[in-house]
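Have a look at the structure below before the remarks.
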Amino acid sequence: MIINKLVVEKDFVDIFENKPFVFDFGNKNLISSDVNSVGKTTLIRFLLFSLGFIIPSTKGMNMNTYVTKLYFSNSQGSFLIKRTNDRAIIFNESGEQIVNTYFLLDKKQLISMRKFIFEISNDVLADNLLGCFYIEQDQGWETANRGKILNSNSFSLEEIVEGLSNSEIAFLDSQIQKLRHEQGKYKALLELMRKTDNEMNDFNQANYNVDNETIKLREKQSNLIAKQSELKRMIADIETIISDNEKIGELLEKYNILVTGLDGQQFVLRKQNITPIGLNNSILNAKLNDYNSELNITNKLLKEITNQLNDKPVTISVAAISDDAVRSLKEANIDKNKLSIIVSDLGKDIAKYVSQKKELVRTYKNLYSHLIASIQNKLHSLKIHSLDNEDLVKCNLKHRFSGVELNNICLMFRLGLIDFLKTEFDINLPLIIDSPGIGERINVDSNKMIGDLIKNYQGNQVFVSTTEKIGKDVLSAFDLEIKAEGLIFEYKYKIIRR
């Protein structure tokens, strides 16, 4: 994938300044400045923003108020991505919209767009893509095998390894399972047709070996379902009676009936003074609690038995098939030879998928080895031999390394990944590096680092943003220099072609 041109313009009419910024890129691009905070990182983030990544704005610059148009090419042709806020549209060379609008807050659509642009088939790799080719100016130089890129873009080498291994194998597993289920039905039908009326009992015992435990479990399940229904009915009846009793008491209260007690005193009748209703409701509530407890126990037992039945393989009990059904099958005059051929053909399809799965497992084991070897080779060039393969993928490297050494390790991880993806999948990623010489990296020979990148990655498009003074020999290797002299729409950019 090659980035050809970026256009950045306001999303609204500006009476003072409505001129878009246009950047035509080369294969090797230097974004430079003499001081910080003049627009280098802003330009790189607009570039990533235009590619559909979720990118935070830089200070004083809300990217969602701008429209970006990115012209790029891949093996399928030349295209334009137009992004406005959280929506993006891709057009072909003829200006035709080739897909519906991508809503970039929808992760599936975001991944789908990345797969098209970078020509990637794997969802997990597309989800972790930004961390494969971009080193941001701050946290990026401390993110080796895992972390967040620009706060919201996940990156995990472990996820990439697992994603490469599992997606196609899971598909093959589902196909194998589906075919085995289909084959099982035809096998059962074929065996059923081979029965004769006078062999019924012997056949059941010898060929189907009916699972008695399953039969018993189903009987228990049936009894528990009946008990569950009865308990629910009794609970509903008691709740109705209690409700009716309450209503009777409330009805009597409405009439304000004057009652004379045994002591000759008169009082207005209230439902709490009606002893039979109160006593009856107390008894009913106690019974209701008993039934609810029993229902809970029944539900628990029913769940356990249902789970046991679900764990058992599906079998056909010939004993449960009537003689009439057997005779109907025979009268249907189904060709047993054709059934045998179907069973055989399904077996061949299953064997084919099983073979493909074994080959994929071998392939992905090799891919894993090649990925690790690619990164280890880069680390060995720094004379770092202390990381075994497991640590390389899973260890938090910030706990073991720091400073310049950690910065160099982070760069080697990116280069190892880029080499691996190019060699194994022919995925040609750009390499975008922001500020390789700031902070703790001030002692790093940025000129040598940049010179080595240009020399060793001729086939990759490279973007380097730096305030470092670049030597003439390295500078001459760049096709284009963009000299940042202020923020977009407020500052200036000077384009220098070499």
Side-chain angles (χ1 to χ4, degrees), residues 1 3 44-45 47-56 63 68 70 72 74 76 79 81 83 85-90 99-136 139-140 142-171 174 360 363-364 367-368 370-372 374-375 392-397 410 413-434 460:
M1 193 277 284
I3 299 167
I44 283 180
R45 291 195 181 179
L47 184 60
L48 298 172
F49 178 84
S50 68
L51 284 165
F53 291 99
I54 307 303
I55 304 297
M63 292 188 182
T68 61
L70 186 82
F72 75 95
N74 59 26
Q76 301 175 69
F79 303 93
I81 311 169
R83 178 170 180 180
N85 200 338
D86 58 358
R87 299 185 180 192
I89 305 172
I90 298 181
V99 291
N100 293 328
T101 301
Y102 289 104
F103 294 93
L104 302 178
L105 296 181
D106 183 321
K107 189 172 181 178
K108 286 185 178 179
Q109 293 191 39
L110 182 61
I111 287 174
S112 176
M113 179 175 164
R114 290 179 193 171
K115 288 167 72 174
F116 176 81
I117 295 169
F118 293 95
E119 298 184 285
I120 292 170
S121 61
N122 187 278
D123 285 13
V124 177
L125 179 58
D127 191 28
N128 287 271
L129 190 62
L130 188 58
C132 295
F133 68 84
Y134 170 58
I135 302 181
E136 61 167 307
Q139 295 300 315
E142 295 182 355
T143 303
N145 56 4
R146 69 177 72 178
K148 291 282 186 182
I149 312 298
L150 294 175
N151 300 326
S152 57
N153 297 273
S154 297
F155 174 72
S156 167
L157 186 63
E158 186 174 6
E159 270 189 24
I160 291 174
V161 169
E162 291 177 355
L164 289 173
S165 304
N166 293 335
S167 56
E168 292 180 65
I169 290 175
F171 168 76
S174 68
L360 267 179
T363 300
Y364 283 120
L367 283 177
Y368 173 79
H370 294 168
L371 172 58
I372 298 302
S374 181
I375 296 172
L392 199 70
V393 175
K394 297 184 178 181
C395 173
N396 187 340
L397 298 180
C410 292
F413 262 79
R414 299 302 180 284
L415 298 182
L417 271 166
I418 284 176
D419 287 350
F420 167 76
L421 293 172
K422 174 63 178 173
T423 303
E424 300 294 338
F425 298 99
D426 200 27
I427 296 170
N428 205 22
L429 293 178
L431 180 58
I432 303 177
I433 298 177
D434 194 358
N460 296 80

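Predicted, not measured: the structure shown is a model, and the values here were computed from it.
Within the 4.5 Å cutoff, side-chain heavy atoms of I81 are placed close to those of M113. Annotation: side chain of F425 is not in contact with side chain of I120 (no heavy-atom distance under 4.5 Å). A heavy-atom distance below 4.5 Å is found between the side chains of I433 and L431. In this structure, the side chains of M1 and I3 come closer than 4.5 Å at one or more pairs of heavy atoms. For the pair M63/T68, no side-chain contact is recorded, criterion being any heavy-atom separation below 4.5 Å from C-beta on.
In this structure, the separation between CG on L417 and CG on L129 is 10.0 Å, given to the nearest 0.5 Å. Expressed to the nearest 0.5 Å, how far CG of L429 lies from CD of E119 amounts to 11.0 Å. Of the inter-residue distances, the one linking K422 atom NZ with N428 atom CG reads 4.0 Å to the nearest 0.5 angstrom. Put simply, CZ on R114 and CG on D123 are 11.0 Å apart, with the number rounded to the nearest 0.5 Å. In this structure, CD1 on I160 lies 7.5 Å from CG on L371, to the nearest 0.5 angstrom. Between the CD1 atom of I149 and the CD1 atom of I55 there is a distance of 10.0 Å, given to the nearest 0.5 Å.
Less than 6.0 angstrom separates the ring centroid of F118 from the ring centroid of F133. Ring-centre distance between F53 and Y134: not below the 6.0 Å cut-off.
Checking N122, I418, L421 one by one against I427, the side chain to side chain contact (heavy atoms under 4.5 Å, CB included) holds for a single residue, L421.
Considering every non-hydrogen atom in both G52 and L110, the closest pair reads O-CD1, 2.8 Å. When all heavy atoms of A126 and K115 are compared, the closest pair comes out as CB-CG, 3.8 Å. Between S374 and G416, the shortest heavy-atom distance links the atoms OG-O, 2.7 Å. Nearest approach of L105 to D86, heavy atoms of both residues: CD1-OD2, 3.2 Å.
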Task: Criterion side chain to side chain contact (heavy atoms under 4.5 Å, CB included) on R87 and Y102, from CA distance to verdict - done: CA-CA 6 Å; R87 299 185 180 192; Y102 289 104; over 6 Å; no
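Using modelled atom types, one side-chain atom of N74 and one backbone atom of F116 make a donor-acceptor pair closer than 3.5 Å. Side-chain atoms of R414 come within 3.5 Å of backbone atoms of G131 as a donor-acceptor pair (strictly under, hydrogens ignored). In this structure, R83 contributes its side chain and F49 its backbone to a donor-acceptor pair below 3.5 Å. The backbone N or O of L157 lies less than 3.5 Å from no partner atom in the side chain of N128, so there is not a single donor-acceptor pair.
Taking a 6.0 Å sphere around NZ of K148, one finds it holds more than 12 heavy atoms contributed by other residues, nucleotides or ligands.
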